[in-house]
Amino acid sequence: MMRRAWQMAAAAVLAVLGAAARPAGAAPQAPCYFIFGDSLVDNGNNNFIVSMARANYPPYGIDFAGGPSGRFSNGLTTVDVLAKLLGFEDYIPPFAGASSQQLLTGVNFASAAAGIREETGQQLGGRISFSGQVRNYQSAVQELVSILGDEDSAAAHLSRCIFTVGMGSNDYLNNYFMPAFYSTGSRYTPEQYADSLAADYARLLQAMYGYGARKVALMGVGQVGCSPNELAQRSPSGVACVEEINAAVRIFNRRLVGLVDRFNALPGAHFTYVNVYGIFEDILRAPGAHGLRVTNAGCCGVGRNNGQVTCLPFQMPCANRHEYLFWDAFHPTEAANVLVGQRTYSARLASDVHPVDIGTLARL
């Protein structure tokens, strides 16, 4: 009975998103959507590499129409929500295995465990770092030039596309705050580390700009110090967020705002920052008002806060998934992803974005 209720709720969410986004027969608000990021938005690229960071097994995807796909959630990710709100008929496919025709409407380059730094996430095995994702994008652009006939046509096409880039979470959780595997925490102060990450980020964003990216949303790092894994490891109460981690993330997010302002000085550039940290903060301040009841534990997982070990193959997750903020030790539920995706597309508070939301970005 609970599963049936959840399926009905999920169907209602999709119906609302679809109705809000696309009148019958209308074209998408952008001709294509390209996605860069980590496990928060990976939708199958890691299925094809040797990695411990994979989610192509049940109960991942338990509420997704196609079942387990590589998405690190019970259902939709934020970029799935954005694709629907932008009016795309289908979800954006993973770059791995995408056809040439699919490149015209955009692909997802994201890879679980990936970071801005090359070494980030290496203890989990294979992953495609941000630089690797940018290289894949550059190869996709070369193919688009061939499809569309010349560089000017490709540039015109790409200039109207939406790009979302969400990097940095792993550079903290799977690097800076993992001293058993990495020395960055002892070699850099939080300010120095944020500066180093921002410099690498800027270099790769410049490469994307050089290959036609013009409408680019930088997704800030969320309150990762509030994830069930960090609560399980570092929070005495299992409820209070880990301030040391969140404070470091806030420094990095401030650097992203500066990057947006810097890139917007370039010809034709429309960059924006999505304050995911602030959106999560707002949700945590009044979870009940957002339909959530459990904010400090995973719906699926093992140990304290269901956060010490992530969701195991064929493990039985909680039945009331729509009331949980977190699906597993690190990743939000579909319910949370819908909330974040909606506010990314159409800002609820002025602080949600800087300077514009993605719905506005598409119209620029």
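Aromatic ring centroids of Tyr201 and Phe130 lie under 6.0 Å apart. For Phe34 and Tyr137, the ring centers are positioned less than 6.0 Å apart. For an aromatic pair to be called close, the ring centres must be under 6.0 Å apart, and Tyr91 with Phe88 fails this.
Under the 3.5 Å distance criterion, the side-chain polar atoms of Asp328 are left unmatched by any main-chain donor or acceptor of Phe72. Between the side chain of Gln308 and the main chain of Arg304, a donor-acceptor pair closer than 3.5 Å is present. In this structure, Asn337 contributes its side chain and Leu76 its backbone to a donor-acceptor pair below 3.5 Å. Remark: side-chain polar atoms of Asn296 are paired, donor with acceptor, to backbone N or O of Gly238 under 3.5 angstrom. No donor-acceptor pair under 3.5 Å is formed between the side chain of Ser51 and the backbone N or O of Arg54. The backbone N or O of Ala112 sits less than 3.5 Å from a side-chain atom of Asn46, completing a donor-acceptor pair. In terms of modelled atom types and a separation under 3.5 Å, the side chain of Arg160 and the main chain of Ala30 share no donor-acceptor contact. Of the possible polar contacts, one joining the Arg214 side chain to the Tyr209 backbone as a donor-acceptor pair under 3.5 Å is found. For the pair Asp352 (side chain) and Leu349 (backbone), a donor-acceptor distance under 3.5 Å is present. The backbone N or O of Ala199 sits nowhere less than 3.5 Å from a side-chain atom of Arg203 that would complete a donor-acceptor pair.
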Applying side chain to side chain contact (heavy atoms under 4.5 Å, CB included), run through Glu281 and Asn275 and close with a yes or a no.
-> CA-CA 10 Å; Glu281 193 171 44; Asn275 184 15; over 6 Å; no
Could you go through the side chain to side chain contact (heavy atoms under 4.5 Å, CB included) check for Ser69 and Phe64 one step at a time?
-> CA-CA 8 Å; Ser69 61; Phe64 186 70; 4.3 Å; yes
Report the C-alpha distance between Tyr188 and Asp195 in whole Å, list the side-chain angles of each, state the deciding distance to 0.1 Å, and finish with yes or no for side chain to side chain contact (heavy atoms under 4.5 Å, CB included).
-> CA-CA 10 Å; Tyr188 296 91; Asp195 286 339; over 6 Å; no
Steps toward side chain to side chain contact (heavy atoms under 4.5 Å, CB included) verdict (Ile62, Arg321) | CA-CA 10 Å; Ile62 188 172; Arg321 297 182 280 283; 3.7 Å; yes
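Contact detail for Ala156 and Ser159: the closest heavy-atom pair is O-OG, 2.8 Å. Between Ser129 and Ala114, the shortest heavy-atom distance links the atoms CA-CB, 4.1 Å. Here the closest heavy-atom approach between residue Thr120 and residue Gly115 is recorded as CG2-CA, 3.8 Å. Taking every heavy atom of both residues into account, Pro228 and Ala297 meet most closely at CG-C, 3.8 Å. Minimum heavy-atom separation, Cys226 to Asn246: SG-ND2, 3.5 Å. Minimum interatomic distance between Val242 and Ser235 (heavy atoms only, all atoms of both residues): CG2-N, 4.4 Å.
Between the CG atom of Leu361 and the CZ atom of Phe271 there is a distance of 10.0 Å, given to the nearest 0.5 Å. With rounding to the nearest 0.5 angstrom, the NE2 atom of His290 is 9.5 Å from the CG atom of Leu284. To the nearest 0.5 Å, the span separating NZ on Lys84 from CD1 on Ile92 amounts to 10.0 Å. With rounding to the nearest 0.5 angstrom, the CG atom of Leu292 is 6.0 Å from the CG atom of Leu339. Summarising the geometry, atom CD1 belonging to Ile358 is positioned 11.0 Å from atom OG belonging to Ser346; distances are rounded to the nearest 0.5 Å. Interatomic distance, CG of Leu197 versus CZ of Phe252, reported as 5.5 Å (0.5 Å rounding).
Between the side chains of Ser139 and Asn136, not a single donor N or O lies within less than 3.5 Å of an accepting N or O. No donor-acceptor contact under 3.5 angstrom links the side chains of Ser73 and Glu334, judged on distance only. In the model, Gln122 has no side-chain atom that pairs as donor or acceptor with a side-chain atom of Tyr182 under 3.5 Å. Side chain to side chain, Tyr345 and Gln29 meet the donor-acceptor criterion of an N or O pair below 3.5 Å. Side-chain polar atoms of Arg187 and Thr184 form no donor-acceptor pair below 3.5 angstrom. Judged by distance alone, the side chains of Asn74 and Thr333 never bring a donor and an acceptor atom under 3.5 Å apart. Side chains of Asp80 and Thr77: a donor on one and an acceptor on the other come within 3.5 Å. A donor atom on one side chain and an acceptor atom on the other are not found under 3.5 Å apart for Asp42 and Ser111.
A single hydrophobic cluster is not seen to contain both Leu259 and Val356; linkage of ILVMFWY side chains at heavy-atom distances under 4.5 Å, directly or through other members, places them apart. With hydrophobic clusters built from ILVMFWY side chains whose heavy atoms lie under 4.5 angstrom apart, Leu256 shares a cluster with Val165. A chain of hydrophobic side-chain contacts below 4.5 Å, direct or via other Ile, Leu, Val, Met, Phe, Trp or Tyr residues, connects Leu158 to Leu205. No chain of hydrophobic side-chain contacts below 4.5 Å, direct or via other Ile, Leu, Val, Met, Phe, Trp or Tyr residues, connects Leu85 to Val340. Ile35 is not connected to Tyr273 by any chain of hydrophobic side-chain contacts under 4.5 Å among Ile, Leu, Val, Met, Phe, Trp and Tyr, and they are in different clusters.
Counting heavy atoms of neighbouring residues, nucleotides and ligands inside a 6.0 Å radius, atom CD of Glu143 exceeds 12 of them.
With contacts defined as side-chain heavy-atom distances shorter than 4.5 Å, the pair His331/Leu40 qualifies. With a 4.5 Å cut-off on side-chain heavy atoms, Phe177 and Glu230 do not count as touching. In this structure, Gln142 and Tyr211 have side chains that are in contact, with non-hydrogen atoms separated by less than 4.5 Å. When side chains are defined from C-beta on, Ile279 does not count as touching Asp282, because their heavy atoms never get closer than 4.5 Å. In this structure, the side chains of Asn306 and Phe326 stay at 4.5 Å or more apart for every pair of heavy atoms. By the 4.5 Å heavy-atom criterion applied to side chains, Tyr60 and Asn56 are not counted as neighbours. Here the side chains of Gln315 and Val302 are in contact, with some heavy-atom distance below 4.5 Å. Inter-residue side-chain proximity for Pro31 and Cys161 is flagged as met; some heavy-atom pair is nearer than 4.5 Å.
Between Tyr193 and Tyr176, the angle of the ring planes stays under 30°, which puts this pair in the parallel group of the 30/60° scheme.
Salt bridge status for Arg250 with Glu243: present, with a side-chain N to carboxylate O gap under 4.0 Å.
Less than 2.5 angstrom separates the SG atom of Cys299 from that of Cys318.
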